[in-house]
Each structure stands twice: as structure tokens, then as C-alpha cells.
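Proteins get letters first, then strands, A, B, ... in listed order; numbering begins at 1 in each. Everything numeric in this text was worked out from a predicted model, so none of it was measured.
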Amino acid sequence: MTFNLFNMLNLRFIQENPELVIRKLRKKNFDASGIVGQIIDRYQRKNEIQAKADQIKAELNKLSKEIGLMFREGKTDDANAAKEQTVELKNSVKQLDEEFAAIDVQVYELQVQLPNLPSDLVPEGRMAEDNVVIRTGGAIPDLKNTRLPHWELASKYDLIDFELGVKLTGAGFPVYKGKGARLQRALISFFLNEAQEAGYLEIQPPLMVNAASGFGTGQLPDKEGQMYHVTEDDLYLIPTAEVPVTNLYRDVILEAKELPVKNTAYSACFRREAGSYGKDVRGLNRLHQFDKVEIVQIVNPSVSYQTLDEMVGHVEGLVKKLGLPYRILRLCGGDMSFTSALTYDFEVFSAAQEKWLEVSSVSNFESFQANRLKLRYRDEQTKKPVTAHTLNGSALALPRIVAALLENNQTSNGIVIPEVLVPFCGFNLIG
RNA sequence: GGAAAGUUGGCAGAGUGGUUUAUCGCGGCUCCUUGCUAAGGAGUUGACCGGCAACGGUCCGGGGGUUCGAAUCCUCCACUUUCCGCCA
């Protein structure tokens, strides 16, 4: 579920802690030594230019005011003489402003190249194999040799029609039918109810967003190719509800007492998955359109790691209630997303494919996203705006959950529906 | 799709070239009053950048321009609202 974002570290923090930034990013296998040095150099130059420009602007402002007074008092000659003085100052300001704008772009371009700093809890490592399993739960069922993969079960019980989806749209857009469709609806309701009970406010967001929103969460400009783009109206289909929900708080200063903000949203998610064809795309394993319930929190920085644990606990509760065998991984430096400070992935075991499937990714972004979003809260003591911490996680994404449910719960009588879902879908067996 | 009007601080809403340092109000905050009492009075009130600070600079939808000086004039763009048309 990881979807790379593209936000940024605070400049002043980099300036004050260059060694720390370099050391921490080494864990993400990122050599920041060059960029950090350049940023500090450019940033310093930028500040020098601003100081100079500000000083000249102050003089100009003062002069303009005086000229106004002279005209009013009829001292036309004095005024015209003063006018001539402004010419040179204006030229200097123009030159400095241009230089400032250019260097500002340079700093920004360097700044956005730096990934978020990983938390100290992040394990060393380069790839998925280096992720650390921190917890496992549930029992892997002992299925007979007659076990079927979910795409065959979907066809056998007429739950999901992949070919019809191809006819209507294309690969990766399945059609859910009958009990297959009702199971989808039941899962969505179950996940939303659980989130509501955990204190999350339910949001029903637009499924299309404008470029400003795509930019706010960082899909743009870097990941443009991953989103479906409606060029006629310049809108993007959302790849996750995280985009509209997080953007609710773009350019917002919250009151301290409003924290924590806890939002949940169901949405269809659309991903082009460009370049990811090949293995692991069979059946429900990787789709262009899928359903997901997302949870998002905006919190005071002092409690964000506590919140992360709470969110992991929430997701763990869901997979437990569904009776699926699962494991929780703490992602290593090399496997984390660009924006995350600490990420836990949830995987469920799909017993016919005999594979662990990622069904959730829960991350603390600390202030990395909030910096880009200009999402702040007003500190109760100082009354000044402070960058908030943001976290989000899938709770949960449906397709792989369905895959695992179908495969793990198959019996000679049919597919047994987990008890928690029965009130939502109205049946306990697909037979 | 056609036409018109708009976009100013948390909200509302003035401001058509120079004490605008953006009016007044509401809301918020602080204090006072507690015989105007489901009230009254006084004061205060944004963000961003630089600076230890004093302070300076920037911001009136966005970009460009005119001017000694722009919320105000010119220009391009975006968005919103209303009416007409269409329509779940």
C-alpha cells in the first residue's frame, strides 16, 4: 500500500543539524552529504540577499512616502529630485529580487530531494527481506491438496468476473457479483463501523481532486504517472482517500484543543500501476480500481508515536476479528517510503497462493507532510503556529483481504464467512 | 453550453492612485464591572521571511505590467456565485 509522497524537511532544521540529517538518511541508503552542504550554502546566500533587498526596499518605501508629502505641499522641484534618487534603488531591488527568486528555486529543488528522516526504531536494511517481523497472529489453515486460488473460487461461486471487467474497462477492473458484491459492501461497513467506534469521524470525500490537492499530499509532480488524469477538466482520480482527506487540512491552523483529529473514509482507489505488470498481478493481487477504508490522524508532535501504536493496534484488531493469519512488519530503511519516518506493514497469509499479501501500511510522517501542506496547530502557551504531525493507515484495503478470506476459509461445503461480517452481509456461507 | 457579477484578515464587509500603519462590525483573547445581568465597560487581535533583539520586508484569488508610490489603473489566468439551458 505504500505510495510515495514527496514533501520536505524544514530548512532551518537542516541548517542547524547537518550531521544528524546525513547520519539518519544513511539508514535509508541515501547519501545526503552533498545535498545538505549545498542547501546550507544556498540557504545562507538566500538570507544574505533578502537582508540586502529588505534594506533597500525600506529606503524606497520611505522615499516614496516623502515624495507624496512634497507633492502635497507643492514642493514639486524637491519631489522630482527625489524621484531621480529612486531609479538606482529600484534597479538594485529588481536585480536582487531576481537573484532571490532564482536561488529560492535552487534551494527548493535541493530540499525536495531529501527523504524524511527515519525514526531510530527503523531497522537497517536494503530491501523487503530486511524488514523485521514484530508480531504474528492467527493460524495458517491446513488446507487439502484440492485447495483453489481465489480467482478460481471467485469463478466457481460466481463472485467476481474478471473477464467482464475487461470487456467494460480493461484488466484490473473486476466486476463483483451477488455474494461477491455483498461481501465487498459488508467489509466496507464493518471497517467503517470499527473506525467510528475507535473515535474516527467518517468522511465521504470526492473521488477526483484538482492539481493543488495532488501537490499537497505529494503525488504531484513526482508521481503524476501513477494517477489517472482527466485532462479535459484537469482532475485526477484519487489513488487513496488519504489525498482528499489530508487535503481537508491544507493551509489550516488548528486550535490545540482540536487535536487529535481522527478521520476515516471509504473510497474507491484508482491506480495506473504503470510498469508493474508481470507476476503477482493475478486475480485480486493488484488492481487498477479497488476499495479501501483509510484512517488519518493529525496530532500533537509529542504523542505521534503513541498514536502510531494505537493505529497499529486498531488495524491488528481488524485482521484478528476477521480470523486471518497475519504478521506485522517494521519496514527497514531501504523499504520505506520517501515520506515516512516509521512504517508498519500488515500482511495476511493467503493459503492457496501460499503467499503473504500486504493489506495495510501504517505510517508516521512526523512533520514531513505537514510542512508541505502548511498544516499547523496553535501552541497553547506561545500562541504561535507549530507544524503538526500526520499519520495514516489503511484499515483496510479490500482486495487482498477478500483473496485471503476466500482461500483460507474454503471448505468442501463452501466458503465460510467470518462471524463479524455476517450481520453486515446477511449470510454465513458461500456455497 | 450562454450571460452577468464577484474573489479583501477566523467570519462579515468598507475601501477607484499617496497619514491605508487595510475602516466599522461580529467572533476570539485579556482585564474590569456584577444593581443595565441569558448583561455592560476597557484593551487587544493575522500569516510568512530575515534578525539575539530593536526592527525591517512580503501578503487584499494567481501571474505579468504602468507609477516615485497600486487593494485601487492595465493585462492574462484560475476559481466562486447567480440567472438561463440541460439533467441524477
Hey, is the side chain of [X] poking within less than 4.0 Å of OP1 or OP2 on [N], counting only N and O atoms?
| X | N | result |
| --- | --- | --- |
| Arg378(A) | A47(B) | yes |
| Asn61(A) | U58(B) | yes |
| Asn47(A) | C49(B) | no |
| Arg12(A) | G50(B) | yes |

Gap between atoms [atom1] and [atom2], on [X] and [N] respectively (whole Å):
| X | N | atom1 | atom2 | result |
| --- | --- | --- | --- | --- |
| Lys94(A) | U67(B) | NZ | P | 11 Å |
| Asp97(A) | G50(B) | CG | P | 16 Å |
| Leu89(A) | G56(B) | CG | P | 18 Å |
| Lys90(A) | C68(B) | NZ | C1' | 7 Å |
| Arg376(A) | A47(B) | CZ | P | 8 Å |
| Lys83(A) | G18(B) | NZ | P | 15 Å |
| Ile253(A) | U45(B) | CD1 | P | 17 Å |
| Asp251(A) | G62(B) | CG | C1' | 14 Å |

Knowing that exactly one of Arg42(A), Arg45(A), Lys46(A) qualifies, which makes a salt bridge (Lys or Arg N to Asp or Glu O under 4.0 Å) with Asp104(A)?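 Result: among Arg42(A), Arg45(A), Lys46(A), Lys46(A) is the only option passing the salt bridge (Lys or Arg N to Asp or Glu O under 4.0 Å) with Asp104(A).
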[atom1] spacing across the pair [N] / [M], given as an integer number of angstrom:
| N | M | atom1 | result |
| --- | --- | --- | --- |
| G9(B) | A5(B) | P | 22 Å |
| G62(B) | G69(B) | C1' | 23 Å |
| C32(B) | G50(B) | C1' | 40 Å |
| C60(B) | A22(B) | C1' | 8 Å |
| C73(B) | G6(B) | P | 12 Å |
| A3(B) | U16(B) | C1' | 26 Å |
| G43(B) | C24(B) | P | 12 Å |
| G46(B) | G10(B) | C1' | 9 Å |

Assign [X] to base, sugar-phosphate, or nothing according to its heavy-atom contacts below 4.0 angstrom with the strands shown.
| X | value |
| --- | --- |
| Tyr43(A) | sugar-phosphate |
| Leu63(A) | nothing |
| Lys46(A) | nothing |
| Asn80(A) | nothing |
| Ala82(A) | nothing |

According to the interplanar angle, ranging from 0 to 90°, do the rings of Phe270(A) and Tyr228(A) count as parallel (below 30°), tilted (30 to 60°) or perpendicular (above 60°)?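 Rings of Phe270(A) and Tyr228(A): perpendicular, as their planes differ by over 60°.
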Lys24(A) and Glu19(A) ion-paired at < 4.0 Å: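 Salt bridge between Lys24(A) and Glu19(A), a charged N being under 4.0 Å from a carboxylate O: no.
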Are Glu194(A) and Lys321(A) close enough for a salt bridge, meaning some N to O gap below 4.0 Å?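 Here Glu194(A) pairs with Lys321(A) in a salt bridge, since their nearest N and O are under 4.0 Å apart.
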Using the purine O4'-C1'-N9-C4 or pyrimidine O4'-C1'-N1-C2 torsion, is C60(B) syn (within 90° of 0) or anti?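 Anti, angle beyond 90° from zero.
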Using purine N1 to pyrimidine N3 plus N6-O4 or O6-N4 for Watson-Crick, or N1-O2 and O6-N3 for G-U wobble, both under 3.5 Å, which nucleotide pairs with [N]?
| N | result |
| --- | --- |
| G43(B) | C29(B) |
| A22(B) | none |
| G35(B) | none |
| G85(B) | none |
| U66(B) | none |
| A5(B) | U80(B) |
| G17(B) | none |
| G56(B) | C49(B) |

For a quick test of reading the model, state the closest non-hydrogen atom pair linking Ser350(A) to Glu407(A) and the distance between them.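 Where Ser350(A) meets Glu407(A) most closely, the heavy atoms are OG-OE1, 2.8 Å.
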What heavy-atom pair brings Tyr266(A) and Ile188(A) nearest, and what distance separates the two atoms?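 That would be CE1-CD1, 3.4 Å.
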Compute both the distance and the angle, then confirm whether Arg182(A) meets the cation-pi test with Phe424(A): under 6.0 Å from the six-membered ring centre, within 45 degrees of the axis.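 No, Arg182(A) and Phe424(A) do not form such a contact.
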Answer yes or no on whether Lys179(A) is positioned over the face of Phe427(A), meaning its NZ or CZ is under 6.0 Å from the six-membered ring centre and within 45° of the axis.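 Yes; both conditions hold, so Lys179(A) lies above the ring face of Phe427(A).
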Reading RNA chain B from 5' onward, which residue's closest nucleotide shows up sooner: Asp233(A) or Gln55(A)?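 Comparing both residues, the 5'-ward one is Gln55(A).
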Quick one: on RNA chain B, does Val87(A) or Ala58(A) contact a more 5' nucleotide (nearest heavy atom)?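 The residue mapped nearer the 5' terminus is Ala58(A).
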Closest approach to the side chain of Gln50(A), judged atom by atom: which nucleotide of G18(B), G56(B), A47(B) is it?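 Closest of the options to the side chain of Gln50(A): G56(B).
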Tell whether Asp54(A) reaches the base of G57(B) with its side chain through a donor-acceptor pair below 3.5 angstrom.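 Looking at the base of G57(B), it does not pair with any donor or acceptor on the side chain of Asp54(A) (distance under 3.5 Å).
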